[in-house]
Amino acid sequence: MPKNPARPGSHFADRHAAEQALALTLPMIEAAMSDPQVSGCGFFYVVVMDPALTPADGAFEDAILLEHAVGDRSRWDADYAAFARDKARLAWTLGDTHALQTRQPHRLREGDSLLWGSVVLDGIVVAASGAFPWFDEAFATALAANLRAIAKQRHAAALEKRQPSAGG
């Protein structure tokens with residue numbers, strides 16, 4: 001939940017929805033981590049941003065909806081959490097990290113990550129680190145798509161109950 005109560009986060013894509021989406025996606029991620037064609041290290045970290053919050057609404061840290069690690073963090077050979085957060089920050093502020101790195105490097109500022117492996121799917125930002133970037137992007141896309149599906153399901157349930165507004 002965001003720390004700024006003046007600007008609440010998404011009603012339908014909240015932390016619980018993100019946890020549900022992660023639970024749907026984790027079996028695929030965990031199974032793939034032992035494949036050296038997918039991940040050279042076997043570790044993984046993911047960051048999900050609140051889709052209702054933008055940089056205009058406040059600090060990056062306040063908009064993080066969920067973070068999750070796969071694998072024993074004490075054995076990490078790099079800071080995959082920092083890499084994923086840096087990708088999430090970049091995607092949250094400027095958009096798709098692959099497009100930025102390959103087609104729009106002129107938009108990068110000093111200190112911006114030069115890594116890619118995130119997705120912006122209908123405003124849902126998910127960044128991942130630990131696999132090769134194309135698989136980071138694939139896993140982030142799967143998680144974002146699952147979160148979007150859960151939010152759509154919740155929205156449909158609210159409409160079915162004839163709620164006049166989100167949460168109402």
- Mind running side-chain contact (heavy atoms from CB on, under 4.5 Å) on V46 and E67 for me, showing each step along the way? CA-CA 6 Å; V46 65; E67 297 184 80; over 6 Å; no
- Verdict with supporting geometry, R154 and D14, salt bridge (charged side-chain N to carboxylate O under 4.0 Å, His left out): CA-CA 11 Å; R154 289 173 158 198; D14 61 9; 2.7 Å; yes
- For the residue pair R15 and L65, what are the closest heavy atoms and their distance? NH1-O, 2.9 Å
- Item | Lys/Arg-Asp/Glu bridge criterion (N-O < 4.0 Å) met for E61, R85 | no
- Output yes when a side-chain donor or acceptor of D50 lies under 3.5 Å from a complementary backbone atom of S10, and no otherwise. yes
- Query: Does W92 share a hydrophobic cluster with L114, counting links as ILVMFWY side-chain heavy atoms below 4.5 Å and allowing steps through other members?
  - Reply: no
- Query: Between V126 and A144, what is the shortest heavy-atom contact and its length?
  - Reply: CG2-CB, 3.8 Å
- Query: Taking all atoms of both residues into account, what is the closest heavy-atom pair of I124 and P51, and its distance?
  - Reply: CG1-CB, 4.0 Å
- Connected via hydrophobic side-chain network under 4.5 Å: F60 and V120: yes
- Query: Can you tell me how far OG of S165 sits from NE2 of H11, rounded to the nearest 0.5 angstrom?
  - Reply: 8.0 Å
- Message: Tell me whether L143 shares a hydrophobic cluster with L26, the cluster being built from Ile, Leu, Val, Met, Phe, Trp, Tyr side chains joined at under 4.5 Å.
- Response: yes
- Task: Evaluate the side-chain contact (heavy atoms from CB on, under 4.5 Å) criterion for residues V125 and V119: first the C-alpha distance (whole Å), next the side-chain angles of each, then the deciding distance (0.1 Å), finally the verdict.
- Result: CA-CA 6 Å; V125 174; V119 67; over 6 Å; no
- Query: In terms of hydrophobic clusters joined by side-chain contacts under 4.5 Å, are L24 and V47 together?
  - Reply: no
- Query: A18 and L147: which non-hydrogen atoms are nearest, and at how many Å?
  - Reply: N-CD1, 3.6 Å
- Parallel, tilted or perpendicular: which describes the rings of F12 and H155, with under 30° parallel and over 60° perpendicular? perpendicular
- Should the ring pair Y80 and F43 be called parallel, tilted or perpendicular, given that the plane angle runs from 0 to 90° and is split at 30 and 60? tilted
- Query: Can you tell me how far CD1 of I64 sits from CE of M49, rounded to the nearest 0.5 angstrom?
  - Reply: 5.5 Å
- Answer yes or no: is there an ion pair linking R89 with D112, defined by an N-O contact shorter than 4.0 Å? no
- Item | Side-chain (K87) to main-chain (A128) donor-acceptor, under 3.5 angstrom | yes
- Query: Is the backbone of G130 close enough, under 3.5 Å, to the side chain of S39 for a donor and an acceptor to pair up by distance?
  - Reply: yes
- Task: Measure from the side-chain N and O atoms of D86 to the backbone N and O of F83, and report whether any donor-acceptor pair falls under 3.5 Å.
- Result: no
- Query: In Å and rounded to the nearest 0.5 Å, what is the CE to CE distance from M33 to M28?
  - Reply: 9.0 Å
- Note on the structure: Looking only at heavy atoms, the pair that brings R73 and Y45 closest together is NH1-CE1, 3.8 Å
- Check against ring-ring contact (aromatic ring centres under 6.0 Å, His included), F44 and F139: CA-CA 10 Å; F44 190 74; F139 297 138; 5.6 Å; yes
- Could you give the distance from CH2 (W116) to OG (S129), rounded to the nearest 0.5 Å? 12.0 Å
- Query: Could you state the interatomic distance from CG (D57) to CG (D62), rounded to the nearest 0.5 Å?
  - Reply: 10.5 Å
- Do N146 and T25 have side-chain atoms, one donor and one acceptor, less than 3.5 Å apart? yes
- Message: Donor-acceptor check, side chain of T93 to backbone of L90, threshold 3.5 angstrom: yes or no?
- Response: yes
- Considering non-hydrogen atoms only, spot the tightest contact between L108 and L100 and give its length. CD2-CB, 4.5 Å
- Taken to the nearest 0.5 Å, the spacing of L66 CG from H16 NE2 works out to 12.0 Å
